[in-house]
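In what follows, a single structure is set out as structure tokens and then discussed.
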Amino acid sequence: MSVVVVQLGQCGNQVGRELFEVVDSDARGQGAKADGERYREASLDRFFSCEESGGNVPTARAVLVDMESKVIGRTLSSAAKTGRWKYGDKNYFCQKKGSGNNWANGFYIHGPKCEDAVMNLVRQEVEKCDRLSGFITTMSLAGGTGSGLGTYVTGCLRDTYPNSFILNHVIWPHRTGEVIVQNYNSVLTLSHLYQSSDGLLIHENDTIHKICSQLLNIKQISFTDVNKVIAHQLGSILQPVCTGLCLTEYSRSPLGDLMETLVTHPEYKLLSAMSIPQMSDTSLAFSTFTWLGLMKHLRQMLISNTKMEEGGFNDQALYTSWTPAESALSVWQASQTFNKYERSATMVSNSQSVLKPLDSVVRKAWNMFASRAYVHQYTKYGIAEEDFLDSFTTMEQVVASYSNL
């Protein structure tokens, strides 16, 4: 089953491009044996269409949206230069003026203006799919377009495709701050997405930056470095895997399997990911890994609530009292290597790992709102103070729910 990726804002478009690059490289890197060919076919069918260019160059199943044309242009050009895959020639929407890091501007102004155009692009992409598994949106919480417009588009997707899965992939801002109003934007985005999304997969910028610095030994960390780490983790989750005992029968509905396993209650939708190993090419050349060793590392990371490297998962203490240990863990596997690692493992969990950053964002946003800091910059675009209060209430309930796990 196919997945349509909706890339929103500067961050969403950059991460989306890296995701397709990882998927394409991984699929092409498989061997010529029958199992490698099946893996490659399943991967390409999930993420690419071959209807354009006579089928010679796979076209990403994606819609690119930003309020400024510069990022869109670079993203399209970068993909085309690979010569291995590309974006559709008309699968993008952009304008000449951004959202100014203002959620209300993106949601209330740009959202309604571009709704018809964006949803028409989505419809055209959906019609190319023989069977649609659902949508993945990539977006940032900090800015205005990714957060505000991204939230609006997600609501439109839910209204138009009520029976399709929607996974929002969101990038959490640095704690030290990217924009002064990032906490407002984050709270408003998360509270609205909670109403329309099936699940929110979160990547924290601070954590990814540490991985680049401490594990990959990158001295001058760029946005590309950060996005590649995020794309690696996303790809390891979304690439073809076997959810049963047969290693050649790949899951047909990756989003469906993910939601069925991890999002079984409407109050718990926040997902986090951790991958091992993550190391530089120099270190990798002198390293070997066993499955037992990888599983022990993942278990320790889960227990210590860390997404960086610090035996079994059948310990009931790892899970809530109302979730039996034998049904709390689902193992997906594939016999192929992934993204240069002969053996690698990724864990996606619905746990308290998101609680600390979430509580911090809500608290900081409350403190700003109590003094009415920058509120006038939002109300002038149509949002009322009561909308802020509703969003705070929603997210405080989410914090309380995760605190009681």
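Heads up: numbering here begins at 1 and tracks the sequence.
More than 12 heavy atoms of other residues, nucleotides or ligands lie within 6.0 Å of OH in Y341, so this atom counts as buried by the packing criterion. No more than 12 heavy atoms of other residues, nucleotides or ligands shown are found within 6.0 angstrom of CD on E342.
When atom types are taken as modelled, the side chain of N13 and the backbone of G9 share a donor-acceptor pair closer than 3.5 angstrom. N105 places a side-chain N or O within 3.5 Å of a backbone atom of S99 that can act as its donor or acceptor partner. A donor-acceptor contact shorter than 3.5 Å is absent between the side chain of S360 and the backbone of K356. Here the side chain of H174 pairs no donor or acceptor atom with the backbone of T176 at under 3.5 angstrom. Side chain of R38 to main chain of Y250: no donor-acceptor pair is present (N/O by atom type, distance under 3.5 Å, no hydrogens or angles). Using a distance-only test at 3.5 Å, with no hydrogens or angles considered, a donor-acceptor pair links the side chain of N102 to the main chain of A104. Judged by distance alone, the side chain of T261 and the main-chain N or O of D257 form a donor-acceptor pair under 3.5 Å. Side-chain atoms of N185 come within 3.5 Å of backbone N or O of N101 as a donor-acceptor pair. In terms of modelled atom types and a separation under 3.5 Å, the side chain of T82 and the main chain of W85 share a donor-acceptor contact. Although no hydrogens or angles enter the test, the distance criterion places a donor-acceptor pair under 3.5 Å between the side chain of S236 and the main chain of Q233.
Ring planes of W103 and H192: tilted class, angle from 30 to 60°. Ring orientation note: the planes of Y161 and F135 are tilted relative to one another, at an angle of 30° to 60°.
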Trace of the side chain to side chain contact (heavy atoms under 4.5 Å, CB included) decision for D24 with F48: CA-CA 9 Å; D24 176 75; F48 293 94; 4.0 Å; yes
Worked verdict on H232 versus F338 for ring-ring contact (aromatic ring centres under 6.0 Å, His included): CA-CA 9 Å; H232 170 84; F338 176 73; 5.2 Å; yes
Test side chain to side chain donor-acceptor pair (under 3.5 Å) applied to S401 and Q397, step by step: CA-CA 6 Å; S401 297; Q397 179 58 51; 3.2 Å; yes
Full working for side chain to side chain contact (heavy atoms under 4.5 Å, CB included) between H110 and Y152: CA-CA 9 Å; H110 290 307; Y152 188 90; over 6 Å; no
Residues M119, L157; criterion side chain to side chain contact (heavy atoms under 4.5 Å, CB included); working and verdict: CA-CA 8 Å; M119 293 309 296; L157 291 174; 3.9 Å; yes
Evaluation steps, side chain to side chain donor-acceptor pair (under 3.5 Å), between S43 and Q239: CA-CA 6 Å; S43 174; Q239 276 292 68; 2.9 Å; yes
Evaluation steps, side chain to side chain donor-acceptor pair (under 3.5 Å), between D26 and Y39: CA-CA 10 Å; D26 179 53; Y39 181 95; 2.6 Å; yes
Evaluation steps, side chain to side chain donor-acceptor pair (under 3.5 Å), between S196 and T154: CA-CA 7 Å; S196 54; T154 301; 5.4 Å; no
Criterion side chain to side chain contact (heavy atoms under 4.5 Å, CB included) on I202 and S272, from CA distance to verdict: CA-CA 5 Å; I202 294 170; S272 57; 5.6 Å; no
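Two residues are said to be in side-chain contact when any heavy atoms from C-beta on lie closer than 4.5 Å; D198 and L258 fail this criterion. Side-chain contact between V362 and E396 is present, with at least one heavy-atom pair separated by less than 4.5 Å. In this structure the side chain of L190 reaches within 4.5 angstrom of the side chain of L141, judged on heavy atoms. At a threshold of 4.5 Å between non-hydrogen side-chain atoms, the residues R61 and V5 do not count as touching. At a threshold of 4.5 Å between non-hydrogen side-chain atoms, the residues V3 and F165 do not count as touching. For the pair T59 and Y87, the minimum side-chain heavy-atom distance is 4.5 Å or more. Between V241 and Q333, the closest side-chain pair of non-hydrogen atoms is not below 4.5 Å. Taking the side chain as every heavy atom from C-beta outward, M1 and R46 never approach each other to under 4.5 Å.
Salt bridge present: K128 and E125 bring a charged side-chain N and a carboxylate O closer than 4.0 Å. A salt bridge does not link K113 to D116: none of the charged side-chain nitrogens sits closer than 4.0 Å to a carboxylate oxygen. The pair K210-D206 does not count as a salt bridge, with every side-chain nitrogen at least 4.0 angstrom from each carboxylate oxygen. The existence of a salt bridge linking R40 and D45 is excluded, since no basic side-chain nitrogen approaches an acidic carboxylate oxygen closer than 4.0 Å.
Taking CD1 from I276 and CZ from R343, the interatomic distance works out to 13.0 Å, rounded to the nearest 0.5 Å. From L193, atom CG reaches atom CZ of R158 across 11.0 Å, with rounding to the nearest 0.5 Å. In this structure, CG in L216 is found 7.5 Å from CD1 in I211, a value given to the nearest 0.5 Å. Atom CG of L215 sits about 10.0 Å away from atom CD1 of I218, to the nearest 0.5 Å. Rounding to the nearest 0.5 Å gives a distance of 6.0 Å between CG of L234 and CG of L201. The CG atom of L271 lies 7.0 Å from the CG atom of L167; values are rounded to the nearest 0.5 Å.
When each of T394, T151, D390, V398 is checked for a side-chain contact (heavy atoms from CB on, under 4.5 Å) with S191, only T394 meets the rule. Among F107, Y374, F388, the single residue meeting the ring pair (Phe, Tyr, Trp, His ring centres under 6.0 Å) criterion with Y184 is F388. A side-chain contact (heavy atoms from CB on, under 4.5 Å) with L200 is found for one member of V263, T189, L270 and no other, namely L270.
Smallest separation of non-hydrogen atoms from S197 and I166: OG-O, 3.4 Å. Contact record, M139 with S147: CE-O, 4.0 Å, taken as the closest heavy-atom pair.
A donor atom on one side chain and an acceptor atom on the other are found under 3.5 Å apart for N350 and Y402.
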Identify every side-chain donor-acceptor pair in residues 62-79 under 3.5 Å, counting partners at least two apart or on other chains, and give the distances.
unit_1	atom_1	unit_2	atom_2	d
T75	OG1	V71	O	2.8
S78	OG	R17	NE	3.4
S78	OG	R17	NH1	3.3

Can I get a per-line list of side-chain donor-acceptor pairs under 3.5 Å for residues 221-231, giving both atom names and the distance, sequence neighbours left out?
unit_1	atom_1	unit_2	atom_2	d
S222	OG	T224	N	3.4
S222	OG	D225	N	3.2
S222	OG	D225	OD2	3.1
D225	OD2	S222	N	3.0
N227	ND2	F223	O	3.1

